[in-house]
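Here's the structure we're looking at; comments come further down.
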Amino acid sequence: MAIAEIHQDIIQTHILTRLNGQTLAAAGCSSSLLQSLCSDEKLWSDICSSNWPSTDDPLVKQAISNFPSGHRSFFSDSFPSPSNHLTTTSPPPQTSQIISSVDIRYHDELVFSKVEATNTTPSDWFQSSPFRIDLLEPKELIPSVVKFSGDDQVMQSNLEKHMTLSWILIDPSQNRAVNLSSKKPVSVQLNWLTDEIELTFAFVAVSGVSVHDNDYVNCNIEITCGVKRTSGELYVSGMSLTVQDIDGKCLSGKNSMEVLQGLTVAERRSTRFNGGGDDLKGRYEEYIQKRRERKEMMEMRERRLDLACVAGGIAFLMAFWSFALY
């Protein structure tokens with residue numbers, strides 16, 4: 001039986017509802033009939049809600065309603081990773097607000113979901129101060145139903161393998177969105193002082209924006225979590241987003257917004273590169289290596305400068321005493 005012979009209601013309610021976003025988009029390219037059926041807004045709304053529960057928040061739904069094709073446009077922006085080459089041909093439009101839609105899962109179990117609106121009104125204070133988004137208040141703990149048993153090394157290994165993060169940044173001024181997370185952690189470390197585990201998710205790009213005397217920028221997401229010793233329940237105690245240069249310094253609000261708004265409109269990578277985030281981890285490790293090399297080079301310059309100053313001082317003293325004695 002040809003697909004055209006199947007009743008449209010059956011296709012829409014029993015076939016298309018079983019597809020994920022990638023397959024649904026591909027099906028819409030196969031015929032004009034399927035293109036019409038696959039463009040249904042509720043289909044894409046359900047897919048976005050399944051992938052990112054935080055998109056059910058009224059603030060996010062309102063922002064998505066202004067996208068050219070609603071939830072379908074939002075999915076095509078947020079599911080694939082942006083290109084790692086960031087170019088800006090013109091200054092981005094000024095926006096007074098950006099929206100963070102964040103979801104954390106462990107073994108597909110939802111651990112944390114939150115929507116946060118950040119005021120980005122271009123005041124003198126915002127443009128010159130370090131940019132940072134904190135989703136939790138100090139000493140705030142978010143409990144979860146996930147439980148752990150075993151030592152810290154086992155917990156670190158499990159978190160590295162099975163914890164995933166989605167941090168979607170929505171720019172209402174451009175009606176675009178971008179997922180800034182590497183999906184899986186690029187670094188997992190135990191904080192021996194607090195006995196909590198710090199996970200780093202990152203997206204590293206080569207920027208055409210003049211933010212420093214280098215081109216690398218890192219959208220760095222830090223998550224702090226721990227386990228209650230009595231119950232073994234996992235909790236989240238910290239979550240933040242910063243934009244860093246090659247030295248690991250936080251960029252200002254002005255430069256950070258140039259990078260973030262540039263990423264929202266950047267080209268998207270092929271979905272075949274969005275499986276596990278291993279390439280994003282490799283890019284982060286390359287970024288860390290270049291940061292290390294840059295630090296060593298700067299330390300070498302400082303040592304040479306110190307030696308030159310010492311040699312100059314010795315030469316000056318010898319010249320002074322030679323003049324004084326003779």
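Heavy atoms only: backbone and side chains are in, while hydrogens, waters and symmetry mates are out. For the single chain, residues carry numbers from 1 onward in sequence order.
Listed for the Asn179 side chain is a donor-acceptor partner under 3.5 Å among the backbone atoms of Trp167. Side chain of Ser50 to main chain of Asp46: no donor-acceptor pair is present (N/O by atom type, distance under 3.5 Å, no hydrogens or angles). Checking side-chain atoms of Ser129 against main-chain N and O of Trp125 turns up a donor-acceptor pair under 3.5 Å. One N or O on the side chain of Ser144 and one on the backbone of Leu234 form a donor-acceptor pair closer than 3.5 Å. Asp247 places no side-chain N or O within 3.5 Å of a backbone atom of Lys249 that could act as its donor or acceptor partner. Side chain of Thr120 to backbone of Gln97: a donor-acceptor contact under 3.5 angstrom is found. The main-chain N or O of Val154 is never found under 3.5 Å from a side-chain atom of Ser157 such that the two would form a donor-acceptor pair. Side chain of Ser252 to main chain of Gln127: a donor-acceptor pair is present (N/O by atom type, distance under 3.5 Å, no hydrogens or angles). Of the possible donor and acceptor atoms, none in the side chain of Ser36 sits under 3.5 Å from a partner among the backbone N and O of Leu33.
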Step by step, work out the side chain to side chain contact (heavy atoms under 4.5 Å, CB included) result for Phe201 and Ile223. CA-CA 8 Å; Phe201 298 78; Ile223 295 178; 3.6 Å; yes
Stepwise, does the side chain to side chain contact (heavy atoms under 4.5 Å, CB included) test hold for Thr17 with Leu43? CA-CA 7 Å; Thr17 53; Leu43 278 175; 3.8 Å; yes
Determine, stepwise, if the pair Leu24 / Arg72 fulfils side chain to side chain contact (heavy atoms under 4.5 Å, CB included). CA-CA 10 Å; Leu24 185 64; Arg72 184 176 62 167; over 6 Å; no
Does the side chain to side chain contact (heavy atoms under 4.5 Å, CB included) test come out yes or no for Leu59 and Gln62, once each step is laid out? CA-CA 5 Å; Leu59 182 63; Gln62 175 61 37; 5.6 Å; no
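In this structure, Met163 is not a member of the same hydrophobic cluster as Tyr235, with clusters built from ILVMFWY side-chain heavy atoms closer than 4.5 Å. Criterion: ILVMFWY side-chain heavy atoms under 4.5 Å apart, direct or through other members. Under it, Val227 and Trp192 are part of a common hydrophobic cluster.
With values rounded to the nearest 0.5 angstrom, Leu180 atom CG is found 6.0 Å from Leu260 atom CG. Rounding to the nearest 0.5 Å gives a distance of 8.5 Å between OG1 of Thr242 and CG of Leu251. In this structure, the separation between CG on Leu136 and OG1 on Thr224 is 9.0 Å, given to the nearest 0.5 Å. We find the CD-CG distance between Gln156 and Leu190 to be 5.0 Å, quoted to the nearest 0.5 Å. Summarising the geometry, atom CG belonging to Leu165 is positioned 7.5 Å from atom OG belonging to Ser182; distances are rounded to the nearest 0.5 Å. To the nearest 0.5 angstrom, Leu34 atom CG is 6.5 Å from Leu16 atom CG.
Under the 3.5 Å distance criterion, with hydrogens and angles disregarded, a donor-acceptor pair is assigned to the side chains of Ser113 and Asp103. No side-chain N or O of Asp57 forms a donor-acceptor pair with one of Ser54 less than 3.5 Å apart. For the residue pair Arg268 and Ser76, no side-chain donor N or O sits within less than 3.5 Å of a side-chain acceptor on the partner. No side-chain donor-acceptor contact under 3.5 Å links Thr95 and Gln261. A donor-acceptor contact closer than 3.5 angstrom links the side chains of Asp56 and Ser49.
Within the 4.5 Å cutoff, the side chain of Ser166 has no heavy atoms near those of the Asn51 side chain. Counting only heavy atoms from C-beta outward, the side chains of Ser81 and Lys183 never approach each other to under 4.5 Å.
Using cut-offs of 30° and 60° on the angle between ring planes, the pair Trp52 and Phe79 is tilted. Relative orientation of the His71 and Phe74 rings is perpendicular, given thresholds of 30° and 60° on the angle between their planes.
Just one residue in the list Glu293, Glu286, Glu285 forms a side chain to side chain donor-acceptor pair (under 3.5 Å) with Gln289, and that residue is Glu293. Here the options are Lys161, Met155, Glu160, the test is side chain to side chain contact (heavy atoms under 4.5 Å, CB included), and the partner is Val188; only Glu160 passes. The side chain to side chain contact (heavy atoms under 4.5 Å, CB included) test with Val186 singles out one residue from Thr200, Val204, Asn220, and that residue is Thr200.
Shortest non-hydrogen contact noted between Glu116 and Lys114 is OE1-CE, 3.5 Å. Of all non-hydrogen atoms in Thr13 and Asp9, the two that sit nearest each other are OG1-O, 2.5 Å. Closest approach of Gln174 and Asp171 over heavy atoms only: NE2-OD2, 2.6 Å. Closest of all the heavy-atom pairs between Cys38 and Trp44 is O-NE1, 2.6 Å. Taking every heavy atom of both residues into account, Met239 and Ile104 meet most closely at CE-CD1, 2.9 Å. When all heavy atoms of Thr55 and Cys48 are compared, the pair lying nearest together is OG1-O, 3.4 Å.
Ion pair Arg292/Glu296 not flagged as a salt bridge, since none of the NZ, NE, NH1 or NH2 atoms sits closer than 4.0 Å to an Asp/Glu carboxylate oxygen. Using a cut-off of 4.0 Å between Lys/Arg side-chain N and Asp/Glu carboxylate O, Asp134 and Arg132 are scored as salt-bridged. A salt bridge links Asp195 to Arg229: one of the charged nitrogens lies within less than 4.0 Å of a carboxylate oxygen.
Seen from the ring of Tyr216, Arg283 does not count as a face-on cation partner, given the 6.0 Å and 45° thresholds.
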